[in-house]
2 protein chains.
Amino acid sequence: MPERTELRLTPQRGAVLEVLKAADDHPTAAEVYERVRVAAPGIGSATVYRALALLVSTGHALELSLGDGTAARYDANTSRHDHAVCERCGRAVDIDQPVPDGMVAEIARRSGFTITGYDLQFRGLCPECQSGGAGQGPGRRQ
Amino acid sequence: MPERTELRLTPQRGAVLEVLKAADDHPTAAEVYERVRVAAPGIGSATVYRALALLVSTGHALELSLGDGTAARYDANTSRHDHAVCERCGRAVDIDQPVPDGMVAEIARRSGFTITGYDLQFRGLCPECQSGGAGQGPGRRQ
DNA sequence: CGTGATACTGATACTCGTTCTCAACGATTG
DNA sequence: CAATCGTTGAGAACGAGTATCAGTATCACG
Ligand SMILES: [Zn+2]
Ligand SMILES: [Zn+2]
Ligand SMILES: [Zn+2]
Ligand SMILES: [Zn+2]
């Protein structure tokens, strides 16, 4: 007798999760949809959006706003980490260096806020876009 | 012979700028539109969007993505600063404590990125929402 | 002034990412 | 098998932002 239907792993949801786990590039919902259609050809976009929301709400994925005006991206790496986003090709890489606790405490003290978390995105040029004049083409946006 | 028409301060643009300067709550474009209609009743929303984009591109205002999925907000305070956003009422207050240079340098070294800037948003509860159970009502979103 | 060139405006149509609605489907239980 | 209920896919709906376009204001110049 299941008191709570935690997360029924339907084929569609499994496929979405697989795509997320296999991705290392923080795809948008639209990109997840594109990729998941290989494994689940008939899947509808609404189902992908619903699956992503479900995975986020159950802690199996993170939803990222990279602050560059682009759509939200999804990340199967649910440990606390930040990102550096290339302004040219849109690539987002993981940054595993947290803000010092002292700084957070100081900001809480000064602002009166109870700080429950933060989001930090660095902007710049990725190594590829610095060297190769063309890099690998302007990927996303801008 | 004016070689470049820099920025013609039309009544509409002036009104938008006044609204921005008077605001201390980082309004969205829609909110700016609402407010500016008091001073410029016939103004169209497209004009507000155009004025905001112009102000941003000429350095008279900043466009903020607060990472909470809500629309972009605008800020007449163009000096470098970050924000703390209340998860309950949506209020965004200024934070004037930059990330230590050493941390940025370390991240640039590790990631190989050339870091040109960053965006940092703290999440939490504002003083009003901590105490007053009701605060001033759930303002924006969530 | 009048004239044309150019910038700006407001209404509206449009785009596009995301959410909603709903009928059909499928798993589960008894 | 029948009843239940969560899930699905199609498509409609939504909303922020953008593009289009005809009309208007501004300006330089004669
Ligand atoms: Zn790049
Ligand atoms: Zn990541
Ligand atoms: Zn609050
Ligand atoms: Zn600010």
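Chain letters run A, B, ... following the sequence lines, proteins first and then strands; every chain starts at 1.
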Output the rounded distance in Å from [atom1] ([X]) to [atom2] ([N]).
X: B:R50; N: C:dT9; atom1: CZ; atom2: C1'; answer: 6 Å
X: A:R73; N: C:dG17; atom1: CZ; atom2: P; answer: 14 Å
X: B:Y33; N: C:dT9; atom1: OH; atom2: P; answer: 14 Å
X: A:L52; N: D:dT8; atom1: CG; atom2: P; answer: 12 Å
X: B:L55; N: C:dC8; atom1: CG; atom2: C1'; answer: 14 Å
X: A:R8; N: C:dC25; atom1: CZ; atom2: P; answer: 16 Å
X: B:E34; N: D:dG15; atom1: CD; atom2: P; answer: 14 Å
X: B:L66; N: D:dA16; atom1: CG; atom2: P; answer: 17 Å

* To do: Determine, stepwise, if the pair A:H60 / A:L20 fulfils side chain to side chain contact (heavy atoms under 4.5 Å, CB included).
  => CA-CA 10 Å; A:H60 294 261; A:L20 267 197; over 6 Å; no

* Asked: Could you give the distance from OG1 (B:T47) to CD (B:Q12), rounded to the nearest 0.5 Å?
  -> 6.0 Å

* Structure fact -> When rounded to the nearest 0.5 Å, the distance separating CG of A:D68 from CD of A:Q121 is 8.5 Å

* **Test side chain to side chain contact (heavy atoms under 4.5 Å, CB included) applied to B:T70 and B:T28, step by step** => CA-CA 9 Å; B:T70 58; B:T28 64; 5.8 Å; no

* To do: Would you indicate, yes or no, if C:dT18 has its OP1 or OP2 atom less than 4.0 angstrom from a side-chain nitrogen or oxygen of A:Y49?
  => yes

* Closer than 4.0 Å, any side-chain N/O of A:T47 to the OP1 or OP2 of D:dG9? -> yes

* Under 4.0 Å from any atom of DNA chain C, heavy atoms only: list the residues of residues 10-24 of chain A that qualify, in numerical order. => none

* Asked: Is there side-chain contact between B:F113 and A:V85, with at least one heavy-atom pair below 4.5 Å?
  -> no

* Asked: Toward the 5' end of DNA chain C, which comes first, B:G44 or A:A46, by nearest nucleotide?
  -> B:G44

* Verdict with reasoning, A:D82 to A:R80, per side chain to side chain contact (heavy atoms under 4.5 Å, CB included) -> CA-CA 7 Å; A:D82 299 301; A:R80 219 260 103 118; 2.4 Å; yes

* Closest to side chain of B:A29, choosing from D:dG17, D:dT26, C:dA11 -> D:dG17

* Give B:A72 one of three labels, base, sugar-phosphate or nothing, depending on what nucleic acid heavy atoms sit under 4.0 Å from its own. => sugar-phosphate

* Passing candidate, side chain to side chain contact (heavy atoms under 4.5 Å, CB included) with A:F122, options B:I107, B:D119, B:L120 -> B:I107

